[in-house]
Amino acid sequence: MRFSKAFIYTKKEAPSEATLPSHKYLIRGCYIQSVGAGLYNFLPLGKRVLDKIRNVAKEELDKAGCLEVDLAFVTPLELWEQSGRVQKYGKELLKFRDRKDNSFVLGPTHEEMMVNLVKSYVNSYKQLPINLYQIKTKFRDEIRPRFGLLRGREFLMKDGYSFHSSTEDMKREFDLMEKTYSNIFRRLGLDFRIVEADSGAIGGSGSKEFMVLANSGEDTLVICTNCDYGANIEAAKRAKRKAPLVANEEEAVSMTFGKFHTPEVKTIEQLSEFFHINPFYTLKIVAKKAIFEDGSSKVVLFGVRGSDDLQEVKALNAIDGAIDLEEVSEEELKEAGFEPGFIGPKDLPKDAILIVDKELENERLIIAGANEKDYHYVGLNLNDLDLEYKDLVEVKEGDICPKCGGVLKFSKGIEVGHIFQLGTRYSEPLDAKFLDENGKLKPFIMGTYGIGISRLVAAIVEQHHDSKGIIWTKESAPFEVEIIISNIKKEEENKAGFEIYEELIKEGIEVLIDDRKERFGFKMSDFELIGIPYGIIVGKKIKDGIVEIVDRKTLNKEEVKLQDVVEKIKGYLDR
RNA sequence: CGGAGUGUAGCGCAGUCUGGUAGCGCACCUGGUUUGGGACCAGGGGGUCGAAGGUUCGAGUCCUUUCACUCCGACCA
């Protein structure tokens with residue numbers, strides 16, 4: 001491809017709203033154009049990168065036996081009502097009506113459609129397992145799109161769905177997909193980590209996320225410094241925290257049950273000061289308003305150690321049927337019959353919902369609110385109360401790994417893939433069943449697997465760039481080599497440049513030749529911005545039969561004889 | 001949805017306080033010089049100043065309404 005005909009118009013300045021390197025460089029390098037909140041046009045360069053990534057994904061998936069399909073983008077709202085996800089997705093679903101007044105949604109994901117498709121063709125266990133996928137534009141009306149391609153409203157996603165006759169077989173496929181996804185991200189040259197994740201709006205159990213490690217990532221990952229344990233903070237676990245070995249420990253342990261007058265002592269901080277005790281021994285109650293699928297709401301309570309914080313996603317999952325948790329005001333708390341600042345597990349109103357973190361199970365010596373203004377209980381034995389325990393705590397840096405006992409640390413990541421063990425979450429409500437070996441009707445056991453293809457474009461840049469621009473990895477680069485003719489008016493340079501160009505094309509190498517009437521420096525800085533892995537500079541030294549190969553990553557230049565340059569490049573490209 | 005801010009040429013911005021011929025840089029077009037690190041000279045094209053209404057002899061500028069976008073937060077496979 002000739003640069004002069006390639007629709008590449010680089011910019012010196014990025015739009016002021018672009019804050020991340022990927023956003024800035026992709027716009028400056030003429031890969032994408034912004035058209036509105038979370039909407040982008042892919043320009044010829046960007047489209048090439050997108051196709052590269054897409055092809056890597058397709059090759060690996062096909063190798064693993066997956067079948068590509070392409071489902072309708074516009075899907076009947078009815079399907080979403082059947083699966084019960086209209087409420088759960090809420091306003092992120094873009095709904096609209098056609099001229100006949102039928103309701104549709106723009107697909108944000110395609111579980112419903114896919115289940116519907118499969119159930120109309122597959123009736124027998126003999127047809128299983130199958131794994132269907134598509135690489136298709138999705139639309140989610142995000143509340144706040146940002147960070148360029150990392151969080152757009154319209155984006156390209158690979159979504160795959162597998163159908164099985166047994167849970168064991170589904171798990172086998174899940175493991176296969178984990179391997180396949182790893183191959184895809186490895187081929188793309190990414191430094192990534194597989195972590196345990198929350199299943200979110202998709203539902204189901206057992207899910208893993210593929211995280212590209214980058215400082216600009218929106219997700220916080222908890223990673224063990226000793227073993228391979230990793231989890232999204234929303235799902236991270238830790239070894240149970242031990243009591244701190246402090247001077248007043250004995251005092252804490254020796255406390256006997258009683259009610260204490262604690263005027264105006266409302267926060268954990270005040271409480272631990274008042275009793276001169278580590279917050280570890282106190283019970284913190286966090287109140288939230290749970291929103292349910294039918295639109296109703298209720299104030300719910302969560303109990304964690306005073307020294308811990310509540311993990312909101314875990315909290316949400318702990319409440320059956322809740323789709324959201326909101327903040328509660330003091331007034332709402334009082335209306336619901338609670339005493340703000342003095343809420344505790346004992347003597348709660350009868351219909352109150354309280355979930356307590358499971359690390360507190362069997363704890364005997366705790367200070368907690370008495371549900372009465374200006375009073376707390378001390379020496380409370382939680383075993384005396386009939387409480388419900390679930391995992392609620394947010395893991396902190398320095399906590400202990402649940403797997404190996406090593407120390408946990410935080411890292412930032414960009415989610416580029418997510419695989420789920422779905423079970424019958426969709427097949428059951430959508431009545432998708434098959435006949436098993438015994439002639440019994442059973443719902444499909446499913447898995448679902450996603451890769452953010454357009455997000456990967458940005459994720460690669462986030463991980464592979466420098467102060468001058470993008471540094472594409474070999475399998476993601478829009479071209480493999482760029483030939484830079486220093487001065488196109490010099491017949492010798494021009495001729496040699498195009499000779500190399502033709503030879504590389506003959507070798508099946510994707511090459512861009514900068515044949516523009518521009519100065520050397522201008523072309524070099526475009527080369528650095530655009531980020532093609534290797535450059536071949538044809539300039540002054542051509543009269544001695546010498547050209548240079550530039551490595552975009554290191555910016556080192558190497559002098560090479562004209563007749564050797566093609567072989568040399570082939571070597572660098574592993575051809 | 002809460003807080004903050006911005007809409008002026010394709011992009012980045014000034015001009016708005018204090019109303020009086022719509023500007024600068026980049027990019028673009030023409031000619032010339034230059035040619036290994038974002039050149040220079042000369043000439044040129046391009047704007048319903050986000051939209052609607054109002055005040056005024058006169059509005060990019062003042063008033064009202066409205067739309068869009070961005071940032072922080074809440075939110076979010």
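For clarity, every value in this text was computed on a predicted model and none was experimentally measured. Order of the sequence lines fixes the chain letters, A, B, ..., with proteins taken first and strands second; residue numbering starts at 1 for each chain. The figures here come from the full heavy-atom set of this structure, side chains too, leaving out hydrogens, waters and symmetry mates.
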Task: Separation between the C1' atoms of B/U65 and B/C76, rounded to whole Å - done: 33 Å

- [ ] Describe the nucleic acid contact of A/Lys489 in one word from base, sugar-phosphate, nothing, applying a heavy-atom distance below 4.0 Å.
- [x] base

TODO: Mind checking A/Gln33 for me? I need base, sugar-phosphate or nothing, with any heavy atom below 4.0 Å counting as a touch.
DONE: nothing

Open item on the list: Please give the distance between the C1' atoms of B/U18 and B/U61 as a whole number of Å.
Closed with: 10 Å

Task: Base B/A77 paired with A/Ser207 side chain (donor-acceptor, <3.5 Å) - done: no

Task: Atom C1', compared across B/G3 and B/C62: separation rounded to whole Å - done: 27 Å

Task: Distance between C1' atoms of B/A22 and B/U8 (Å, rounded) - done: 8 Å

- [ ] Please work out if A/Lys557 contacts a base, only the sugar-phosphate, or nothing of the nucleic acid, heavy-atom cut-off 4.0 Å.
- [x] base

- [ ] Assess A/Arg48 against A/Phe479: is NZ or CZ under 6.0 Å from the centre of the six-membered ring, and within 45 degrees of the ring's axis?
- [x] yes

Task: Side-chain donor-acceptor pair present, A/Ser4, A/Asp515, cut-off under 3.5 Å - done: yes

Open item on the list: Could you tell me how far B/A59 sits from B/C17 if I compare only their P atoms? Round to whole Å.
Closed with: 14 Å

Open item on the list: Would you call the rings of A/Tyr501 and A/Phe498 parallel, tilted or perpendicular, taking 30° and 60° as the class edges?
Closed with: perpendicular

Open item on the list: When the P atoms of B/G54 and B/G44 are compared, how many Å lie between them, rounded to an integer?
Closed with: 39 Å

TODO: Write down the distance between CZ (A/Phe522) and P (B/U34), rounded to a whole number of angstrom.
DONE: 20 Å

- [ ] Report the residue (A/Asp526 or A/Leu325) whose heavy-atom-nearest nucleotide on RNA chain B is the more 5′ of the two.
- [x] A/Asp526

- [ ] Before accepting this row, confirm whether a basic side-chain N of the pair A/Lys396/A/Asp309 lies closer than 4.0 Å to the acidic partner's carboxylate O.
- [x] yes

- [ ] Determine the Euclidean distance between corresponding C1' atoms of B/G12 and B/A27; express it in Å to zero decimal places.
- [x] 11 Å

- [ ] Could you state the atom-to-atom distance from CD1 of A/Ile27 to P of B/C69 in whole Å?
- [x] 15 Å

Task: Residue-phosphate contact under 4.0 Å: A/Arg144 side-chain N/O, B/C72 OP1/OP2 - done: yes

- [ ] Could you state the atom-to-atom distance from CG of A/Leu20 to P of B/U70 in whole Å?
- [x] 14 Å

Task: Sugar-phosphate only, base, or nothing, as touched by A/Glu326 at under 4.0 Å among non-hydrogen atoms - done: nothing

TODO: Heavy atoms only: give me the nearest A/Ser83-A/Pro429 pair and the separation to one decimal.
DONE: CA-CB, 4.5 Å

TODO: To the nearest Å, give me how far apart CD (A/Glu518) and C1' (B/A39) are.
DONE: 11 Å

Task: Separation of the C1' atoms in B/G38 and B/C1, to the nearest angstrom - done: 45 Å

- [ ] Report the relative orientation of the aromatic rings in A/Phe185 and A/Phe210; use parallel for angles under 30°, tilted for 30 to 60°, perpendicular for over 60°.
- [x] tilted

- [ ] Give a yes or no on whether a donor-acceptor pair under 3.5 Å exists between the nucleobase atoms of B/G36, that is its base, and the side chain of A/Glu548.
- [x] yes

- [ ] Ignoring hydrogens and angles, answer whether the base of B/C76 and the side-chain atoms of A/Arg140 contain a donor-acceptor pair closer than 3.5 Å.
- [x] no

Open item on the list: Counting the atoms with a prime plus P, OP1 and OP2 as sugar-phosphate, which does A/Glu92 contact under 4.0 Å by heavy atoms, base, sugar-phosphate, or nothing?
Closed with: sugar-phosphate

Open item on the list: Using OP1 and OP2 only, check whether a side-chain N or O of A/Arg519 sits under 4.0 Å from B/G38.
Closed with: no

Open item on the list: Please classify the nucleic acid contact of A/Arg28 as base, sugar-phosphate, or nothing, using heavy-atom distances under 4.0 Å.
Closed with: base

